[in-house]
2 protein chains.
Amino acid sequence: MVTNVRDRTAREPLTRDRVLRTAVSLADRVGVDGLSMRKLAQEFGVVPMALYKHVANKEELLDGMVDVIIGEVDSPIAGADWRTAVRERILSARRALLRHPWASRLLETRSTPTPTVLAYMDEMIGLFRDGGLSLDITHHAMHTMGSRLFGFTQELFNDPPPIAPELEAALYEAMATTYPHVYEIYRSVTHDDASVVGGHGCDDQFEFEFALDLLLDGIEQQV
Amino acid sequence: MVTNVRDRTAREPLTRDRVLRTAVSLADRVGVDGLSMRKLAQEFGVVPMALYKHVANKEELLDGMVDVIIGEVDSPIAGADWRTAVRERILSARRALLRHPWASRLLETRSTPTPTVLAYMDEMIGLFRDGGLSLDITHHAMHTMGSRLFGFTQELFNDPPPIAPELEAALYEAMATTYPHVYEIYRSVTHDDASVVGGHGCDDQFEFEFALDLLLDGIEQQV
DNA sequence: ACCTGAACACCGTTCAAGT
DNA sequence: ACCTGAACACCGTTCAAGT
């Protein structure tokens with residue numbers, strides 16, 4: 001007698017939506033690199049090929065997962081000036097991405113925007129335009145904001161390495177002569193800021209908002 | 001009688017440097033996704049495991065390839081004000097990345113900076129500091145610049161889809177009602193700008209410099 | 001018409017055997 | 001001591017066979 005990983009009696013029919021949502025929650029657990037068609041199928045107690053009924057291939061699955069995340073972003077608040085509307089929407093996108101740490105990396109690898117992504121960008125352009133910005137300025141603004149429109153920045157080397165705090169300090173001391181300027185900043189951050197939580201000792205939310213406001217200032221001055 | 005893919009008589013000894021440079025040129029030809037340890041080994045007429053003498057694993061190979069690219073960036077020009085020095089260096093990095101279209105994507109996937117990358121960032125911090133910017137401002141400036149320090153922006157969906165120009169226009173017409181704001185910008189770009197070359201019709205170099213200058217303006221105002 | 005599983009053409013990497 | 005190739009544990013996806 002063969003028993004399945006999952007109870008077959010409790011089995012609901014597969015739908016594209018269920019496939020995508022389960023893929024998101026699997027990625028939350030194992031990361032986007034750990035996500036495979038085979039593991040996802042296992043999640044349903046189903047043969048890998050069964051997924052291909054709902055999704056043409058893995059790329060389409062990944063696109064769909066991005067759509068699920070975008071769906072978590074709040075709609076623009078009504079009746080606000082363009083700057084507030086843009087700012088709040090971006091911060092909402094950021095909160096969604098922070099809930100799914102793999103999502104920004106995934107977004108980076110998409111080669112074609114899905115309709116959902118296009119709609120998101122269209123709405124964002126609309127916020128600038130309705131605020132009275134010219135086509136040209138809006139166009140440049142969109143390029144300037146880049147991935148910040150989706151609530152993230154290129155996170156180069158940001159992964160907090162799992163290292164003991166006292167070891168980390170020693171490591172930086174060792175780097176002091178080779179990378180004096182990096183060291184200097186490291187020192188200033190770890191000494192000044194008592195509220196530092198994890199990572200490389202930077203307050204990522206502060207840095208994100210600092211850059212965001214600097215950009216919005218710059219755009220405002222173009223008007 | 002068995003002949004090798006490459007002439008064995010002409011074979012120089014493998015070195016880490018040769019491995020990395022050949023990996024870069026292989027990636028130039030087949031893209032970074034097409035690059036595998038097995039194909040790279042074939043390039044030398046060697047068994048895959050032979051590479052592991054010079055590189056601990058594939059991650060280290062990829063890190064090394066980034067270092068090769070960084071090595072192509074010009075040193076900061078001497079005697080310039082901080083703004084010019086930073087600007088020129090970033091544009092030099094951009095030129096290096098444009099020579100290897102896969103490189104920015106690769107950079108995005110690195111999880112730990114190599115010594116070469118750290119040295120690059122250290123020099124960049126030095127330019128700000130030598131220009132008289134405070135530690136705090138410099139720190140925020142580095143975060144704000146983000147991947148632009150390496151000469152690229154998050155290129156979300158920028159890959160020019162291989163589509164016939166007349167088809168592209170028709171596609172956008174079809175989108176006109178669904179994504180009115182995107183359409184409006186598309187129209188303004190394709191009509192105004194006669195010098196548009198390839199891609200989505202945007203002048204990427206202009207957009208990059210526009211955003212770069214906007215950021216440098218913003219940083220300057222903080223001083 | 002639908003679902004399935006074996007098979008294909010790849011991966012990166014381990015490891016024991018060969019020289 | 002060095003190099004090698006078979007083998008392992010995975011992939012995404014094709015395709016023909018089963019119901």
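Predicted model, so just to flag it, every value in this text is computed and none were measured. By convention in this document, chain letters (A, B, ...) are assigned in the order of the sequence lines, proteins followed by strands, and residues within each chain are numbered from 1.
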Less than 6.0 Å separating the ring centroids of A:Tyr120 and A:Phe150?
-> yes
Assess the pair B:Phe206 and A:His140: is the distance between their ring centroids shorter than 6.0 Å?
-> yes
By the Watson-Crick or G-U definition, both distances under 3.5 Å, D:dA17 is matched with none
Nucleotide paired to C:dC8 in any strand shown, Watson-Crick or G-U, under 3.5 Å | D:dG12
Do A:Arg29 and A:Glu43 come close enough that some side-chain heavy atom pair is under 4.5 Å?
-> yes
With side chains defined as the heavy atoms from C-beta onward, is the minimum distance between B:Leu61 and B:Leu20 less than 4.5 Å?
-> yes
Can you give one letter per nucleotide of nucleotides 6-19 of chain C, 5' to 3': B if a protein heavy atom sits under 4.0 Å from the base, S if only from the sugar-phosphate, - if neither?
-> -B---BBBBB----
If you measure from the Lys or Arg side-chain nitrogens to the Asp or Glu carboxylate oxygens, is any gap between B:Glu60 and B:Arg16 under 4.0 Å?
-> yes
Determine, for B:Arg110 against B:Asp63, whether the closest basic-nitrogen to carboxylate-oxygen distance falls under 4.0 angstrom.
-> yes
Can you tell me the distance, in whole Å, between the [atom1] atom of [X] and the [atom2] atom of [N]?
X: B:Leu51; N: D:dC2; atom1: CG; atom2: P; result: 17 Å
X: B:Gln42; N: D:dG5; atom1: CD; atom2: C1'; result: 15 Å
X: A:Phe44; N: C:dC3; atom1: CZ; atom2: C1'; result: 16 Å

